[in-house]
Structures are given as structure tokens and as C-alpha cells.
Amino acid sequence: MRTDSSPGTLPAREHLPAADAGTPVLDVVIPVYNEEKDLRPCVLRLRNHLKRTFPYAFRITIADNASTDTTPQVSARLAAELPEVRAFRLEQKGRGRALRTVWSASDAPVLAYMDVDLSTDLNALLPLVAPLISGHSDLAIGSRLARSSRVVRGPKREFISRAYNLILRGSLQARFSDAQCGFKAIRRDVAQVLLPLVEDTGWFFDTEMLVLAERAGLRIHEVPVDWVDDPDSTVHIVQTATDDLKGVWRVGKALAGGSLPLDRITRPFGDDPRDREIQDVPTGLARQLVGFCVVGGLSTLFYLLLYSVFRQFGGAQPANALALLVSAVANTAANRRLTFGVRGRTGAARHQAQGLVVFGIGLALTSGSLAALNAATADPAHSTELAILVTANLAATVLRFLLFRAWVFPDRRQDQPTTVVAGHLPSPPAHVTVPSRSRHERRPHHHAPLPQRPTAQYATAPQASHETDHETPPEPTYGTAPEPSNGQAFDPAHDTTYRQAFDPAHDTTYETTDPRDLR
């Protein structure tokens with residue numbers, strides 16, 4: 001797992017700025033390997049759909065993964081005929097490698113990809129990228145497992161897909177519903193920070209990217225899709241499943257060991273509506289009191305329930321201690337997240353240890369109350385015990401809040417400013433100074449109100465005609481993603497050895513590769 005630092009903190013998410021008519025807002029990548037039959041119909045259908053329904057300038061990029069048939073010639077002819085199409089060739093196979101290479105070099109602010117078989121209905125494309133254009137989300141995925149999705153596929157693939165997503169939920173705590181649907185999009189500023197951390201170059205690329213994005217706190221938008229299985233798919237299910245499980249183990253191990261700098265892939269202060277100061281919404285001490293009272297009330301009910309259960313199997317003192325211990329752990333975790341706004345796992349063990357000290361004080365109060373009751377009455381009624389415990393817990397609750405606020409979760413606002421990039425490419429980046437804050441710290445409650453986000457208008461894509469000259473943006477140069485000898489994944493940000501786009505008129509040598517090697 002790669003542990004190099006990410007390029008920097010993401011800028012505040014905003015509606016993408018207006019662009020010139022010839023500048024593409026969306027770049028749709030189609031990774032292909034030996035798809036000479038399906039490539040041309042796919043590109044023509046996608047281009048016609050975008051020209052008819054998509055209100056912004058767009059580009060379609062064909063990423064050829066070392067095809068050994070006539071796919072390169074078909075790609076080159078499409079690029080020559082259609083001004084919105086670009087064709088690039090990589091000498092190594094791997095869908096992840098193709099997407100990382102093309103996305104890293106693209107100048108479009110929104111990057112997407114879809115499979116060449118067009119199994120996903122294209123009507124979901126605009127809903128997929130709209131949240132990224134508007135600034136609502138960081139990534140977007142099509143989901144075949146959403147309730148409103150309409151999917152036609154065999155029981156074997158259905159079982160494998162659902163089983164794989166259950167594995168992701170159980171092992172990596174993933175909350176997205178469909179990791180492997182070949183229909184995804186990402187903002188370019190997010191891709192520039194996130195992709196250097198993604199190691200896989202094959203089919204697990206999607207899953208690894210989504211897991212890291214979710215763990216970093218980025219917003220993932222899911223779109224239910226209509227999807228029809230391609231019976232001629234060249235994906236080898238057993239080999240792909242094996243590689244995916246290896247990837248799950250690798251990513252899970254890296255996350256558990258804390259070797260990924262995910263705390264740097266975050267949005268700066270001011271991008272969360274919870275940071276805004278709104279009238280009639282309690283802040284500071286008042287807000288904390290409200291949250292603490294709610295958590296305390298629920299914890300008390302939970303404690304009394306546990307005490308009543310444990311009392312059936314032992315004496316009053318052991319039942320009280322055990323019930324208080326379990327409820328104290330839950331109370332500390334709930335107050336940490338809900339009352340004092342501490343997010344992330346950093347410091348969680350220390351907070352629980354301090355919470356246990358507070359628990360000890362509460363245990364002394366409640367145990368002392370029970371001891372006094374037993375000294376006064378030889379055989380007190382169960383209702384009397386509960387009444388004494390409620391009174392003692394109220395006193396312990398007040399003390400617990402004061403200790404939580406002053407000792408366990410103190411207000412640690414940082415006054416030192418940090419400069420972060422707040423502009424969006426292709427516009428020149430502007431720099432703003434914002435307070436530095438790690439993801440696990442409390443959000444300050446007093447700050448200047450956020451400026452209104454501008455709503456920019458995009459220039460629509462020019463209608464193509466072979467009788468009119470078209471001004472197209474300069475063609476970025478993609479390169480061969482060499483297989484490194486040290487075992488590290490290819491990183492286009494640190495590898496400047498590129499070769500020009502494939503031209504069949506000047507390059508007729510092919511690499512002999514068995515199509516069955518494609519995963």
C-alpha cells in the first residue's frame with residue numbers, strides 16, 4: 001500500500017466555473033481491450049446521446065489497453081472523424097492503469113468512465129455527473145443494487161455481486177452499495193489528490209478508490225441505474241474475485257495500520273453546513289447541554305435495563321458495576337460524537353480511558369448510595385434500589401458533564417492559519433487563508449458566515465459538422481505506463497516518460513497478448 005503524502009488539502013467544493021465553448025466540462029473515458037466489434041457503435045451511441053441531452057461541452061476518450069486486434073485502428077478513425085473523440089494507447093493492460101493515466105492528464109473538471117458494452121442505460125449519465133458539476137458531491141457511482149434500480153442479469157453474477165458488497169461492508173465498513181458497476185465519475189481536483197494513494201491497476205481500482213474516499217470523509221453520490229448484463233463479457237470471474245479479495249485484505253491492513261494519510265484528503269473549514277452559525281440554533285455550552293441531556297437520558301435507560309438484567313444473576317453491587325461499565329463506554333462514545341463533535345478515530349482510546357476515570361467517580365457515587373441503603377435497610381425493595389440509583393446517577397451526570405467538557409473533550413481551537421488552495425482548475429488557483437483543523441477535532445461555533453456560492457452558467461457544446469472548422473483544445477499527451485521494477489504502482493505524477501497517442505500510420509507493431517489474460 002502506498003504511503004506517500006497526498007498533494008494537499010482539497011479546496012472548498014463549489015459549482016464549477018463557467019468555461020469557454022471549446023473547453024470540455026466532462027471527459028468520459030472508455031477503457032477497451034480487443035473491442036474492435038463493439039467500439040464504434042458504442043462511441044457513436046454515446047456521442048449522439050451526449051449531443052442530444054448533455055448541455056455542456058464534452059469529450060470522449062478511448063483508452064486502449066494494449067489491444068492486439070484492430071481496436072487501435074478503429075479508435076484512430078473515430079478520433080479523426082469526430083472532433084469530440086480522442087484516442088490513446090497504453091502498452092500495459094489493466095482498467096485501473098488506464099483510468100489513472102487518462103484521468104491524471106485530462107483537463108476536464110469532471111471525469112467519468114463507462115464500460116464499452118454500455119450495459120448501463122445512458123439516461124443515468126447526466127444524473128451521475130450533475131452533483132459533481134454543482135459542487136454537491138466529490139464522486140458519483142451507478143448502483144445496480146439500489147432499490148429503484150432495474151437490473152437484468154443471471155443468478156450467478158447477481159450472487160457474486162451481492163456477496164462481494166457484503167464482504168466490503170463487513171471487512172472495510174463500506175457504506176456504498178455497488179463497488180463494481182462500470183459507471184462512475186469524479187471531480188478532477190479530487191482525483192489529483194486521491195489517485196496517488198490508489199495502488200491497484202486492475203479491476204479492484206474502483207473499490208480501492210471508493211473505500212479511501214469514504215474513509216477520508218468525501219461525499220459519494222449514488223445513482224440507481226437500469227442495467228442489462230452483457231453475456232459476451234470477457235471478465236474472468238474467478239480470477240477477478242481472487243484479486244479483489246487480495247485487494248480487500250491489503251487495503252484493510254493498511255487502514256488498520258494507519259499507513260495512509262487520509263486525514264489530508266479533506267475539505268477546508270467552511271465547506272460543511274454544520275459550520276454555519278444560524279439563529280435560534282443553540283451553540284457552545286447550550287448546544288452541548290442539549291446533546292448531553294439527550295445522550296444522558298438514553299444512557300440512563302440503557303443502564304437501568306442492564307442493571308435489571310444483571311440483577312437476575314447476581315448481587316446488587318456486581319450488577320451495578322457491570323451495568324455502569326457497559327453504559328459508560330456507550331455514553332462516552334455517544335458524547336464524543338454527538339455532544340462534543342469529535343470525529344474520526346484519532347484519540348478515541350484516550351477518550352475512552354478518560355471516560356473510564358469518570359466512570360469510576362460515578363461508580364463510587366452509586367456504589368456508596370447502595371452501601372448506605374443496605375446499611376439502613378437489611379432487605380430493601382427493588383423499586384427503592386432503582387430510586388436511589390436514579391438520584392445518585394443524576395448527581396454523577398452533572399459531574400460527568402463538567403469533567404467531559406473541561407478534561408476529556410476540551411475546546412482546542414487552533415488559532416494558527418494555514419494556506420490552502422481554494423481555486424478550481426482550469427481557472428487559475430486562488431489562495432485563501434483558513435484556520436487549520438484536523439478531522440477529529442471539534443468544529444468551532446463562532447466564525448464569519450460563508451459567502452454565497454456563485455451559480456455559474458456553462459457554455460453548451462458546439463454542434464459538430466464536417467463542413468465547419470472546429471477549434472478543439474490542445475491534445476494532452478498520454479504515455480505508456482511502464483511496469484516498475486520496485487513493485488510500486490505506476491504514478492503519472494512522478495513519471496514523465498510519455499509517448500504520443502497511437503497512430504496506425506506510423507506504428508504497426510503490436511504486443512502479442514492472450515486475451516484471456518485480461519481480468
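All values below come from the heavy atoms of this structure, side chains included, with hydrogens, waters and symmetry mates left out.
A side-chain N or O of Asp244 and one of Gln180 form a donor-acceptor pair less than 3.5 Å apart. Glu222 and Ser177 form a side-chain donor-acceptor contact under 3.5 Å, judged by distance and modelled atom types alone. A donor atom on one side chain and an acceptor atom on the other are not found under 3.5 Å apart for Thr61 and Tyr113. A donor atom on one side chain and an acceptor atom on the other are found under 3.5 Å apart for Arg215 and Gln173.
When atom types are taken as modelled, the side chain of Arg219 and the backbone of His136 share a donor-acceptor pair closer than 3.5 angstrom. Listed for the Ser119 side chain is a donor-acceptor partner under 3.5 Å among the backbone atoms of Val228. A side-chain donor-acceptor contact under 3.5 Å links Ser171 to the backbone of Ile167. In this structure, the side chain of Thr332 does not engage the main chain of Val329 through any donor-acceptor pair within 3.5 Å. Listed for the Arg337 side chain is no donor-acceptor partner under 3.5 Å among the backbone atoms of Ala333. Between the side chain of Arg100 and the backbone N or O of Val198, at least one donor-acceptor pair lies under 3.5 Å. Using a distance-only test at 3.5 Å, with no hydrogens or angles considered, a donor-acceptor pair links the side chain of Arg188 to the main chain of Asp107. Formation of a donor-acceptor pair under 3.5 Å by the Gln288 side chain with backbone atoms of Arg405 is not found in this model. Judged by distance alone, with hydrogens and angles left aside, the side-chain atoms of Ser137 form no donor-acceptor pair with the main-chain N or O of Ala140 at under 3.5 Å. Looking only at distances, a side-chain donor or acceptor of Ser106 sits under 3.5 Å from a matching main-chain atom of Ala108.
Of the inter-residue distances, the one linking Leu218 atom CG with Met209 atom CE reads 11.0 Å to the nearest 0.5 angstrom. For the atom pair CG (Leu118) and NE2 (His49), the distance works out to 10.0 Å, reported to the nearest 0.5 Å. Here OG1 of Thr120 is found 7.5 Å from CZ of Arg144. Values are rounded to the nearest 0.5 Å. Between Leu111 atom CG and Leu132 atom CG the span is 9.5 Å, to the nearest 0.5 Å.
Nearest heavy-atom pair across Arg59 and Asp27 is NH1-OD2, 3.3 Å. Closest of all the heavy-atom pairs between Asn165 and Ala179 is OD1-N, 3.3 Å. Shortest non-hydrogen contact noted between Ala63 and Ala98 is CB-CB, 4.0 Å. Scanning both residues, Leu262 and Leu212, for their nearest heavy atoms gives CD2-O, 4.0 Å. Considering all non-hydrogen atoms of both residues, Ser67 and Val32 come closest at OG-O, 3.9 Å. Considering all non-hydrogen atoms of both residues, Gly291 and Thr339 come closest at C-OG1, 3.4 Å.
Using a 4.5 Å heavy-atom cutoff, the side chains of Phe302 and Asn331 are not in contact. Side-chain contact between Phe88 and Asp64 is absent, with no heavy-atom pair separated by less than 4.5 Å. Two residues are said to be in side-chain contact when any heavy atoms from C-beta on lie closer than 4.5 Å; Phe204 and Val248 meet this criterion. In this structure the side chain of Asn65 never reaches within 4.5 angstrom of the side chain of Gln92, judged on heavy atoms. Between Arg162 and Leu145 the shortest side-chain heavy-atom distance falls below 4.5 Å. Side chains of His351 and Phe409 form a contact here, defined as non-hydrogen atoms less than 4.5 Å apart. Under the 4.5 Å side-chain criterion, counting only non-hydrogen atoms from C-beta, Phe292 is not in contact with Val290. Val25 has its side chain within reach of Ile133: a pair of non-hydrogen atoms, C-beta onward, lies under 4.5 Å apart.
Between Asp200 and Arg95, no side-chain nitrogen of the basic residue sits less than 4.0 Å from a carboxylate oxygen of the acidic one, so the salt-bridge criterion is not met. The pair Arg153-Glu158 meets the salt-bridge criterion, with a side-chain N (NZ, NE, NH1 or NH2) lying under 4.0 Å from an Asp/Glu carboxylate O.
Annotation: side-chain contact (heavy atoms from CB on, under 4.5 Å) contacts of Ala174 (sequence neighbours excluded): Leu168, Phe176, Glu214. Take Phe183 and apply the ring pair (Phe, Tyr, Trp, His ring centres under 6.0 Å) test, not counting sequence neighbours, and it matches no residue. Leu46 pairs by the side-chain contact (heavy atoms from CB on, under 4.5 Å) definition with Val28, Ile30, Leu50, Ile60, Met114, Leu122, Leu125, not counting sequence neighbours.
For Phe58 and Tyr56, the distance between ring centers is not under 6.0 angstrom.
Ring-plane geometry between Phe205 and Trp103 is classed as tilted, the angle between the planes lying from 30 to 60 degrees on a 0 to 90 degree scale.
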#### Entry: Check against side chain to side chain contact (heavy atoms under 4.5 Å, CB included), Tyr164 and Thr207
CA-CA 10 Å; Tyr164 179 65; Thr207 302; 2.9 Å; yes

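Test Asp115, Asp206, Asp178 against Lys184 for salt bridge (charged side-chain N to carboxylate O under 4.0 Å, His left out) and you get one pass: Asp206.
Within 6.0 Å of CZ in Arg150 there are 12 or fewer heavy atoms belonging to other residues, nucleotides or ligands.
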